[in-house]
Trainee: 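Quick one: the structure is below, and I'll ask about it shortly.
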Amino acid sequence: MPDFGSLSKKLLTSLELKFSPIAINFGNEPLAEHTPPDISIAAGCQFWELGATQALVTSARDHANCSIGIHTHNLADAPALQRSELEQTLAAMGGLDYVRADEVPAIPTMQSTSKYVCYTPLAQCTTEPDVVLLYANARQGLMITQAIARVDGASPLSLGRPACALIPQVINSGKAAASLGCCGARAYIGSLDDGTTLWALPGEKLADYIDAIDTLAEANRVLTLFHKQRNQDIAAGKSPTVAESLGKLS
């Protein structure tokens, strides 16, 4: 089993992340040492914020105010009102031309039903995550994108609404992806400001992604210095060769 504490530290250091990576696991049994939330939430995506600091186990009951989240996560034992709530939500969104009826089937959902969703700070993991969620700004996202392309062999998919569809998309495909969020997630999650993108990495390839991120973060650091120095020299009227600019990095 990987040392998730070390992997989390490496990821935090390489990307200079502001928030801890969150591990997410689906299953029909709760993970050990995970406790139910002690507050009610308006949307399941709020557990992404809570899970950065505490190990939580949730069921459909805890997601009861979020009919879309229960749908995308395919949670068992949904509240009796969930289906009608989902229909009313989609109808309201359809009335605004936000989501059209023919677009609904394309929204990713978990392929299998689960009783529980567990959220854990990555550093505290003792079980391989199904997916790891990151909050990243554009500069950090640049390095994440480069690493994903290296590991997955293709540039990552970028999703829009609903933000919670990011989780099933990544788990079902086995490939990392990004979400620009949705207006709901940005209203419910304090950490998700206008400069932040959500990224999700499949847990089974986590070490590979982090190794690539670490390498590319250092490469970006060095090349940033190269470009800044070269820009200063050219602005000052000099015409350095690439070799001369590289020599200044030594």
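Every value quoted in this text rests on a predicted model; they were computed, and no experiment measured them. Because only heavy atoms are used, hydrogens play no part in the values below, and waters and symmetry mates are left out as well, while side chains stay in.
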Trainee: Report the distance from atom CG of L223 to atom CD of E218, rounding to the nearest 0.5 Å.
Mentor: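 Between atom CG of L223 and atom CD of E218 there are 9.5 Å.
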
Trainee: Is the count of non-hydrogen atoms from other residues, nucleotides or ligands lying under 6.0 Å from K175 atom NZ greater than 12?
Mentor: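 Counting neighbours around NZ of K175, 12 or fewer heavy atoms of other residues, nucleotides or ligands fall under 6.0 Å, so no.
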
Trainee: So, taking the atom named CG in L157 and the one named OG in S173, what distance separates them when rounded to the nearest 0.5 Å?
Mentor: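 L157 atom CG to S173 atom OG measures 8.0 Å (nearest 0.5 Å).
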
Trainee: If you define the side chain from C-beta out and look only at heavy atoms, does anything of I22 sit under 4.5 Å from Y135?
Mentor: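 A side-chain contact exists here, since the closest heavy-atom pair is under 4.5 Å.
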
Trainee: Check step by step if side chain to side chain contact (heavy atoms under 4.5 Å, CB included) holds for F47 and I41.
Mentor: CA-CA 8 Å; F47 291 124; I41 52 92; 3.5 Å; yes

Trainee: When hydrophobic residues are tied together by side-chain contacts of less than 4.5 Å, even through go-betweens, does I189 share a cluster with L180?
Mentor: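 Different clusters: I189 never reaches L180 through Ile, Leu, Val, Met, Phe, Trp or Tyr contacts under 4.5 Å.
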
Trainee: Quick one: do L216 and L249 end up in the same hydrophobic cluster if we chain Ile, Leu, Val, Met, Phe, Trp and Tyr together by side-chain heavy atoms under 4.5 Å apart?
Mentor: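 In one cluster: no.
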
Trainee: Can you run down the salt bridge (charged side-chain N to carboxylate O under 4.0 Å, His left out) pairs that involve residues 55-75, sequence neighbours left out, and say none if there aren't any?
Mentor: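 For residues 55-75: none.
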
Trainee: Has the side chain of Q140 got a donor or acceptor atom that lies under 3.5 Å from a matching backbone atom of E16?
Mentor: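 Such a contact is found between Q140 side chain and E16 backbone.
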
Trainee: Following the transitive rule for hydrophobic clusters with a side-chain heavy-atom cut-off under 4.5 Å over Ile, Leu, Val, Met, Phe, Trp and Tyr, establish whether Y119 and Y116 coincide in one cluster.
Mentor: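 No.
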
Trainee: Are L122 and L206 close enough, and set up right, to give a side chain to side chain contact (heavy atoms under 4.5 Å, CB included), and what steps lead you there?
Mentor: CA-CA 11 Å; L122 180 60; L206 183 62; 3.9 Å; yes

Trainee: Could you give the distance from CG (L133) to CD (E49), rounded to the nearest 0.5 Å?
Mentor: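 Answer rounded to 0.5 Å: 11.0 Å.
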
Trainee: Are P37 and T58 packed together at the side-chain level, in the sense that at least one heavy-atom pair is separated by less than 4.5 angstrom?
Mentor: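 Heavy-atom side-chain distance check passes, below 4.5 Å.
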
Trainee: Within the structure provided, determine whether T120 and P129 are in side-chain contact (heavy-atom separation under 4.5 Å).
Mentor: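 Answer no - side chains too far apart.
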
Trainee: Would a single hydrophobic cluster contain both V170 and I167, if residues Ile, Leu, Val, Met, Phe, Trp and Tyr are joined by side-chain heavy-atom contacts under 4.5 Å?
Mentor: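 Result: yes, single cluster for both.
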
Trainee: Roughly how far apart are L81 CG and S67 OG, rounded to 0.5 Å?
Mentor: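 Answer for the CG-OG pair, L81 versus S67, is 10.5 Å.
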
Trainee: Heavy atoms only: give me the nearest A78-I70 pair and the separation to one decimal.
Mentor: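 That would be CB-CG2, 3.9 Å.
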
Trainee: A177 and L159: which non-hydrogen atoms are nearest, and at how many Å?
Mentor: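 Distance-wise, the nearest heavy atoms are CB-CD1, 4.2 Å.
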
Trainee: Considering all heavy atoms of both residues, which atom of C164 and which atom of T72 are nearest to each other, and what is their separation?
Mentor: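 Nearest heavy atoms, C164 then T72: SG-OG1, 3.2 Å.
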
Trainee: So, for L166 and W199, which heavy atoms are closest and what is the spacing to 0.1 Å?
Mentor: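 Looks like CD2-C, 4.3 Å.
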
Trainee: Let me have the donor-acceptor pairs involving side chains of residues 141-154, under 3.5 Å, with sequence neighbours excluded, atom names and distances please.
Mentor:
residue: T145; atom: OG1; partner: G141; partner atom: O; Å: 2.8
residue: Q146; atom: OE1; partner: N220; partner atom: ND2; Å: 3.0
residue: D152; atom: OD1; partner: K205; partner atom: NZ; Å: 2.6
residue: D152; atom: OD1; partner: Y209; partner atom: OH; Å: 2.7
residue: D152; atom: OD2; partner: A176; partner atom: N; Å: 3.0
residue: D152; atom: OD2; partner: Y209; partner atom: OH; Å: 3.0

Trainee: Between F26 and H73, what is the ring plane arrangement, given parallel below 30°, perpendicular above 60°, and tilted in between?
Mentor: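 It falls in the perpendicular class, over 60°.
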
Trainee: Do the charged groups of K238 and E244 touch, with an N to O distance under 4.0 Å?
Mentor: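 No.
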
Trainee: If you round to the nearest 0.5 Å, how far is OG of S40 from CD of Q46?
Mentor: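 Answer rounded to 0.5 Å: 10.0 Å.
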
Trainee: With side chains defined as the heavy atoms from C-beta onward, is the minimum distance between M93 and I68 less than 4.5 Å?
Mentor: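 Contact flag for M93/I68 side chains = yes.
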
Trainee: Can you check side chain to side chain contact (heavy atoms under 4.5 Å, CB included) on V242 and F226, steps first, answer last?
Mentor: CA-CA 9 Å; V242 169; F226 166 82; 4.3 Å; yes

Trainee: Hey, are the side chains of L134 and L11 touching, using non-hydrogen atoms and a 4.5 Å cut-off?
Mentor: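 With C-beta onward as the side chain, the pair touches.
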
Trainee: Begin with the C-alpha distance, continue with both residues' side-chain angles, and end with the deciding distance and a verdict on side chain to side chain contact (heavy atoms under 4.5 Å, CB included) for D233 and K248.
Mentor: CA-CA 11 Å; D233 286 345; K248 290 190 173 182; 2.7 Å; yes

Trainee: Taking all non-hydrogen atoms of both residues, which atom of N28 and which atom of S114 are closest, and how far apart?
Mentor: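 N28 and S114 have their closest heavy atoms at OD1-CA, 3.6 Å.
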
Trainee: Any sub-3.5 Å donor-acceptor pair from R100's side-chain atoms to G94's backbone N or O?
Mentor: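 Judged by distance alone, no pair lies under 3.5 Å.
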
Trainee: When you measure from the side chain of T13 to the backbone N and O of K10, does any donor-acceptor pair fall under 3.5 Å?
Mentor: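 No, because the side chain of T13 does not come within donor-acceptor range (under 3.5 Å) of the backbone of K10.
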
Trainee: Could you name each residue pair satisfying side-chain hydrogen bond (donor to acceptor under 3.5 Å, both in side chains) that touches residues 103-112, not counting sequence neighbours?
Mentor: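 Counting only pairs at least two positions apart or across chains, the side-chain hydrogen bond (donor to acceptor under 3.5 Å, both in side chains) contacts touching residues 103-112 are E103-R161.
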
Trainee: Would you indicate whether the side-chain heavy atoms of I24 and D130 approach each other to under 4.5 Å?
Mentor: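 No, their side chains stay 4.5 Å or more apart.
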
Trainee: Taking the side chain as every heavy atom from C-beta outward, state whether L198 and W48 have any pair of such atoms under 4.5 Å apart.
Mentor: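 They are in side-chain contact.
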
Trainee: Could you state the interatomic distance from NE2 (H71) to OG1 (T89), rounded to the nearest 0.5 Å?
Mentor: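 Output value for this atom pair is 11.5 Å.
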
Trainee: State, yes or no, whether a side-chain contact exists between P21 and L12 at a heavy-atom distance under 4.5 Å.
Mentor: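 Yes, close enough: below the 4.5 Å cut-off.
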
Trainee: Applying the 4.5 Å side-chain criterion to the ILVMFWY set and letting contacts propagate, would L31 and M110 be lumped into a single cluster?
Mentor: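 The answer is no; the residues belong to distinct hydrophobic clusters.
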
Trainee: Taking all non-hydrogen atoms of both residues into account, name the closest pair between R230 and S245 and its distance.
Mentor: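 Scanning both residues, the minimum pair turns out to be NH1-OG, 2.9 Å.
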
